[in-house]
Structure formats: structure tokens, C-alpha cells
Amino acid sequence: MLVMVGIKLVQQKPFKSTFQSIYVIRRLRFLRKKWEEDKKEDGTKWRFLEHKGPLFAPPYDLLPENVKFRYDGKVMKLSQDAEEVAGFYARMLDHDYTTKSTFNNNFFTDWRKVMTHEESKIIKDLSKCDFKEMQQYFLSVSEKNKNRTKEEKAELKAKNEEIQKEYGFCTIDGHKEKIGNFRIEPPGLFRGRGEHPKMGMLKRRVMPEDVLINCSKDSKVPKPPPGRKWKEVRHDNTVTWLASWTENVQGQAKYVMLNPSSKLKGEKDWQKYETARNLHKCIDKIRETYRADWKAKEMRIRQRAVALYFIDRLALRAGNEKDDDQADTVGCCSLRVEHIELHKEKDGKEYVVVFDFLGKDSIRYYNEVPVEKRVFKNLEHFMENKKDSDDLFDRLTTQTMNEHLKELMPLLTAKVFRTYNASITLQRQLDELTDPDATVPEKILAYNRANRAVAILCNHQRAVPKGHSKSMEALKEKIQAKRDLIDEAESEYHDAARAAKRGSVKEKLACDKKKKALERLKEQLMKLELQETDRDENKTIALGTSKLNYLDPRISVSWCKKHGVPIEKIYNKTQRDKFRWAIDMAGPDYVF
DNA sequence: ACCCCAACTTAGGAAGAAATAC
DNA sequence: GTATTTCTTCCTAAGTTGGGGT
């Protein structure tokens with residue numbers, strides 16, 4: 001596989017700018033050499049791995065003496081642990097979380113566990129706790145931090161860079177690579193999304209004794225803090241993580257891993273898009289197959305075929321089963337009867353399925369979808385004699401779905417459809433929406449619209465930014481002001497033109513100037529109007545997630561190269577770092 | 001067949017930094 | 001210069017997937 005990468009790289013088209021092509025050729029040669037040297041076909045991920053270990057959260061700072069906690073109106077001095085946990089809650093007093101009884105109950109139960117015996121004898125009712133002074137104190141501290149002088153800021157920045165330099169990088173197979181998350185998660189209250197049964201529980205402080213270190217045998221093993229021990233040091237080169245620990249709320253493993261800009265992550269990402277491109281080659285066949293399976297005798301197969309149709313057409317997630325100590329969310333395979341409604345006819349359309357459920361992160365998915373009659377009839381059948389809370393696809397799991405997909409194409413799984421449909425949609429929308437003669441801002445709007453089509457397909461939502469309507473109004477005012485200016489400039493230009501007609505060189509020059517000024521204003525107006533459209537259309541849609549995780553970056557890169565749009569207009573610094581491989585690889589003619 | 005876990009990708013919101021408006 | 005808005009980065013929760021155990 002990795003040898004193929006090398007070949008693929010050298011076959012790429014020449015690039016436009018000399019600077020770039022020299023750089024690219026050198027880089028390609030380098031990459032190919034490296035990748036051949038590093039070739040690992042046995043499932044091992046590295047041969048050498050060295051790092052400094054994770055950075056622990058700073059120790060707890062006691063509150064100043066004058067900051068009081070009160071219980072039932074009376075001042076009470078808390079023990080260190082109780083005070084720290086109280087502080088976690090105090091910081092969140094303005095947050096919506098503290099209005100939820102699940103959050104409050106979980107917090108209170110866990111808080112009482114860290115209290116001394118005496119404290120827990122007194123503090124028995126959360127509503128009698130007064131955290132106001134603590135909250136005020138934390139607010140004042142962050143206010144003070146905001147008002148730091150230039151020098152203080154510079155000093156802080158320098159310190160952080162020092163830390164980044166020491167902990168932020170590792171050496172892997174001879175390369176220095178950036179680490180993604182080298183900081184151990186600090187203690188706090190668990191912020192589960194949606195109606196999470198565990199929200200508000202105490203996430204306790206992670207100690208060196210909780211931490212597993214992974215590095216190579218012949219590396220300098222990271223040292224635990226003085227007088228402390230790691231839980232374990234292992235040398236497992238079949239995995240990519242550098243350190244891990246188990247978080248106490250959900251019992252999940254947490255990992256320190258490489259930054260997306262790293263070669264290891266980049267190659268994986270590249271491979272993901274190659275799999276999606278492979279799907280493109282057999283998608284017609286697969287669609288034929290599942291349509292045929294709508295008629296299958298076996299229920300199991302019909303359910304699988306209808307579910308796959310949803311995964312393909314609606315870009316739904318696979319939908320694993322979830323425990324009831326997690327928020328109740330679903331994906332395709334875990335849909336329940338209560339999540340869809342069937343309408344023989346709705347708003348003039350036949351056979352409409354209305355989806356309404358909470359997906360990942362408890363984001364609502366609502367969609368009215370006209371479907372083939374056969375799909376509709378199947379759904380009716382699946383729902384017969386079932387309660388609302390029963391599984392729609394009771395004969396189907398993500399495992400059996402993925403096993404089936406493996407047979408249709410190597411490496412095919414449910415999520416590949418999301419990647420594929422996202423990327424192909426971007427490519428098609430870009431083709432459709434890009435006017436080659438348009439200005440760069442217009443092209444960028446076209447790009448964002450294409451991106452938006454994908455975000456809508458994948459249901460990537462966000463909360464309406466606060467102050468959205470206000471900022472829209474401000475923008476509208478600005479536009480009106482600009483229009484007035486243009487009117488003014490127009491009449492000035494007309495006057496100047498008349499003067500220039502019979503006037504001297506001087507008047508002609510003045511007229512030219514007016515003309516230029518008018519054009520500049522018009523251009524500014526257009527920019528503003530584009531911004532207005534863009535912002536309003538984006539109100540509840542998040543473009544970042546699809547850009548970062550679903551869109552083959554080579555599509556965007558080639559579009560930029562083809563249409564003379566600087567790549568910086570599409571990808572910011574972080575994104576350019578992550579997609580370095582694609583920026584180097586894809587020429588203007590790349591096709592997904 | 002089913003369950004569970006490890007490892008990895010995908011996700012929205014918070015916090016911080018930078019840009020722009022005033 | 002300061003306040004406000006917008007963009008970027010950080011954070012970590014919440015998914016998917018494959019594999020191993022029973």
C-alpha cells in the first residue's frame with residue numbers, strides 16, 4: 001500500500017509556479033524515499049517513538065481567605081477538596097447546565113463524596129449553598145487576566161511556547177512531529193451533551209499513577225513527576241498513541257495522539273478518501289443491489305437494504321446501540337418506530353417519510369423525504385405490530401451491516417458513504433456554481449455554497465451565534481450607507497464626465513479619478529452583499545466539520561488552482577497544515 | 001451469536017486571539 | 001486606544017469500527 005503511495009505521488013502533474021514546483025518535487029522525492037524506508041505492511045505503526053510524556057493539569061490553587069462560601073446563610077470554611085469541587089460548580093453558575101436537575105443532583109452527590117465527614121453532615125441541600133462570592137472571584141480573576149499588560153502577555157506567551165516546545169512534539173521514525181493533545185484533561189464537572197444521565201458528575205484529577213506511557217524500547221522513556229510513578233510503560237508499536245488513561249465518569253480510555261498535520265494521520269486521511277473514491281467506482285452496482293434487495297424474501301435482507309438506502313441517500317450515520325447511561329441518541333441502524341412518520345401523501349408529494357430524531361451530540365435530524373413506493377411499503381411492514389419504542393430495523397445491527405458492506409467492496413463500511421457523498425456533492429456543486437469569469441469573492445461565495453450543501457446533507461448544525469440578528473442589521477445599514485455613497489459618486493462622476501468632454505487634460509484626469517472611485521465603491525458594495533447572503537445562509541449551519549472531516553481536500557485544492565483562488569481563502573493555517581499532502585499532490589485537473 | 005473493549009475519527013461549544021468598528 | 005465582532009484554536013465528548021473473548 002505504501003509503495004503505491006510513492007508511485008502515485010511521482011505520477012502527479014507539473015505545477016504552475018516555479019517556486020512551488022521545485023518545492024513540491026523536492027518534497028515528493030523526500031516523501032517517497034521516506035515512505036519506502038518506513039514501509040510497514042504488518043500493521044505496525046512505527047519503529048521508533050520518543051516523547052516527554054503528557055503535561056499534567058496545574059495543581060489546585062486555594063481561594064483567598066476573603067472569598068467565602070456560605071451554607072444556609074452562614075460562612076463555612078471548606079476543606080481543600082470540597083472547596084476545589086465547589087469551585088467547579090461556582091464557575092458554571094451562569095451556565096444552562098446548573099438549571100438542570102440531573103446536573104445538580106449528580107454534582108451534589110459527587111461533591112458530598114469528597115467532603116470531610118463534618119462537612120457532609122452539614123451540607124445536605126444544594127439550594128442552601130451560596131457560591132456567589134466564589135463565582136464573583138473567578139469572574140474577577142478572568143477579568144484581570146483579560147486586562148494583562150503587553151509585557152505580561154508576552155511573558156505568558158513565551159512560557160506557553162516553552163511548554164509547547166518541550167511537551168508538544170515527539171520523534172517518530174526519525175521525524176519530529178506535533179502532538180495533538182499533550183495536556184492531561186484537568187478535573188471538572190462532566191459536560192455530557194443533550195440529556196446525558198451523567199452530566200455534572202465529578203471528573204477527577206488524573207495522577208501519574210493513572211497514566212500509561214507508550215514509546216519505543218530504545219527511546220528515552222519519559223520521566224514521571226518527581227517521586228511519582230507511571231501506571232505502566234509499554235512499547236506497543238501496533239498503536240499510535242503516546243499516553244493514555246481511563247477517565248472515571250464513563251470509564252473510557254483517553255489518548256494522547258499526534259496532530260492531524262503528522263504523517264501518520266495524514267496518510268490515514270488520504271487512505272480514507274481513496275476508499276471513498278473506490279466507492280465511486282462501484283456505487284451504481286451497489287445501488288442496484290440494494291434496490292433489488294428491497295424485494296428480498298428475508299426480512300433481515302430487506303431491512304438491511306432499506307437502511308443502506310438511507311445511509312447512502314441521506315448520509316445517516318451507522319447508529320450503534322447505546323447503553324442507557326448515555327444520552328438517548330440514534331443513527332440509522334438504531335432508529336426506532338417513533339423516529340419516523342409515514343405519509344402516503346404530504347404537501348403534494350407521494351410516499352413521504354418524515355425523520356425526526358436526535359443524532360450524534362443530540363443534534364436534531366428533521367427531514368421530509370419522498371421515497372420509492374417499495375421503500376414505503378417495506379417501512380410499513382417493518383412497523384407492523386410494533387410499539388413506538390421498538391427498533392425499526394430489529395433484524396439489523398451495525399456489525400451485520402458492515403460485514404455485508406465488506407463483501408460489496410474491500411474496506412467499505414457505513415461511514416464511507418458519508419465521506420463519499422459529501423465529497424462528490426462538493427465536486428458537483430463546485431462545477432455547477434462556479435462561474436469561471438466571476439471575481440474571487442464571488443467564487444468564494446460559490447465555494448461556501450457548495451460547502452454548505454454538504455453541511456446540510458451531513459446535518460452539521462450549530463447554535464445561532466449570539467447577536468446574529470443584530471450583526472445582520474448592522475451589515476444591512478452598512479450596505480445602505482454604501483449605496484448612498486455610490487449614488488453620490490455617480491452624480492459626481494457624471495458632472496466630471498461632462499466637464500472632461502470639453503475640458504483640458506486636467507479635467508480628464510479628474511474624471512478618470514471619479515470613475516475609479518465609483519468602481520471601487522461598487523466593488524465594495526458587492527463584497528458586502530455577498531457577505532450578507534453568506535452570513536445569513538450560514539446562521540445555523542457549521543461548515544467546519546465537513547471541511548475538516550468529509551471533503552477530499554484535493555477537490556478544494558484543484559478548484560483553487562483551476563480558478564485562481566488563493567488557497568488561504570479556503571483553508572486557514574491549521575487546515576493547510578492538515579491538508580499539506582493534498583496541497584502538494586493535487587493539480588488543477590484532479591477529479592475525485 | 002453476542003458482548004465488550006481498544007483505538008481511532010468526528011463533533012459542537014468554549015476560550016482565546018485577531019481583526020474591525022468606534 | 002478601546003470595545004466589539006469574528007475567526008481560530010483548543011477541548012473533550014460522542015461517534016464508528018474491528019477484534020477478541022465467552
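Per chain, numbering begins at 1; letters A, B, ... match sequence-line order.
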(message) Rounded to whole Å, how long is the line connecting atom CG of A/Leu242 with atom P of B/dA6?
(response) 18 Å

(request) Check whether the ring centres of A/Phe103 and A/Trp111 lie less than 6.0 Å apart, and answer yes or no. (result) no

(request) Check ring-ring contact (aromatic ring centres under 6.0 Å, His included) between A/Phe357 and all other residues, then give those that pass, not counting sequence neighbours. (result) A/Tyr365

(message) Treating A/Asp356 as the side-chain partner and A/Tyr366 as the backbone partner, does any N or O pair qualify as donor plus acceptor under 3.5 Å?
(response) no

(message) What is the distance, to the nearest angstrom, from the CG atom on A/Leu543 to the C1' atom on C/dC7?
(response) 13 Å

(request) Grab the CD-C1' distance between A/Glu185 and B/dG13 for me, whole Å please. (result) 15 Å

(message) Without decimals, in angstroms, what is the distance between A/Asn572 CG and C/dC10 C1'?
(response) 13 Å

(message) Does a side-chain N or O of A/Tyr550 approach OP1 or OP2 of B/dA11 to a distance below 4.0 Å, or not?
(response) yes

(message) Using whole Å, what does the distance between atom P of nucleotide C/dC11 and atom CG of A/Leu189 come to?
(response) 18 Å

(request) Send over the distance from A/Met257 CE to B/dT10 C1', rounded to a whole Å. (result) 13 Å

(request) Pick base, sugar-phosphate or nothing for A/Arg91, based on heavy-atom distances below 4.0 Å to the nucleic acid. (result) nothing

(request) With DNA chain B as reference, determine whether A/Asn459 or A/Lys157 sits nearer its 5' end, using the nearest nucleotide of each. (result) A/Asn459

(request) Specify the separation, in whole Å, of atom CD1 of A/Ile541 and atom C1' of B/dG12. (result) 15 Å

(message) Show the nearest heavy-atom pair for residues A/Asn259 and A/Lys265, with the distance to one decimal.
(response) O-CG, 3.5 Å

(message) I want to check one thing: is the phosphate of C/dA13, taken as OP1 and OP2, less than 4.0 Å away from some side-chain N or O of A/Lys254?
(response) yes

(request) Would you mind classifying the nucleic acid contact of A/Lys146 as base, sugar-phosphate or nothing, using non-hydrogen atoms under 4.0 angstrom? (result) nothing

(message) At under 4.0 Å between heavy atoms, how does the protein contact nucleotides 14-22 of chain C? Give one character per nucleotide, 5' to 3', with B, S or -.
(response) BSBBS----

(request) Look at the side-chain N and O atoms of A/His460 and state whether any lies under 4.0 Å from the OP1 or OP2 oxygen of B/dT10. (result) no

(request) Identify whether any heavy atom of A/Leu548 sits under 4.0 Å from a base atom; if not, whether one sits that close to sugar-phosphate; answer base, sugar-phosphate or nothing. (result) nothing

(request) Have a look at A/Pro186 and say if it touches a base, only the backbone sugar-phosphate, or nothing, with a 4.0 Å heavy-atom cut-off. (result) sugar-phosphate

(request) Taking the six-membered ring for Trp and the single ring otherwise, decide whether the centroids of A/Phe579 and A/Tyr571 are under 6.0 Å apart. (result) yes

(message) Check the phosphate of B/dT9 against A/Lys265, side-chain N and O only, distance under 4.0 Å to OP1 or OP2. Yes or no?
(response) yes

(message) Reading DNA chain B from 5' onward, which residue's closest nucleotide shows up sooner: A/Leu264 or A/Asp323?
(response) A/Asp323

(request) Between B/dA14, B/dG12, B/dC8, spot the one nearest the side chain of A/His95, thanks. (result) B/dA14

(message) Tell me the interatomic distance from A/Met199, atom CE, to C/dT12, atom P, rounded to whole angstroms.
(response) 18 Å

(request) Please determine if a side-chain N or O atom of A/Thr545 lies less than 4.0 Å away from the OP1 or OP2 oxygen of B/dG12. (result) yes

(request) Verify whether the ring centers belonging to A/Phe355 and A/His339 lie closer than 6.0 Å. (result) no

(message) Any donor-acceptor pair under 3.5 Å linking the side-chain atoms of A/Ser262 with those of A/Lys178?
(response) no

(request) Tell me what A/Ser244 touches on the nucleic acid: a base, only sugar-phosphate, or nothing, going by heavy atoms under 4.0 Å. (result) nothing

(request) Under 4.0 Å between any heavy atoms, over every strand shown, what does A/Glu247 touch: base, sugar-phosphate, or nothing? Just pick one. (result) nothing

(message) One pair to check against side chain to side chain contact (heavy atoms under 4.5 Å, CB included): A/Ile311 and A/Leu314. What are the steps and the verdict?
(response) CA-CA 6 Å; A/Ile311 285 171; A/Leu314 306 174; over 6 Å; no

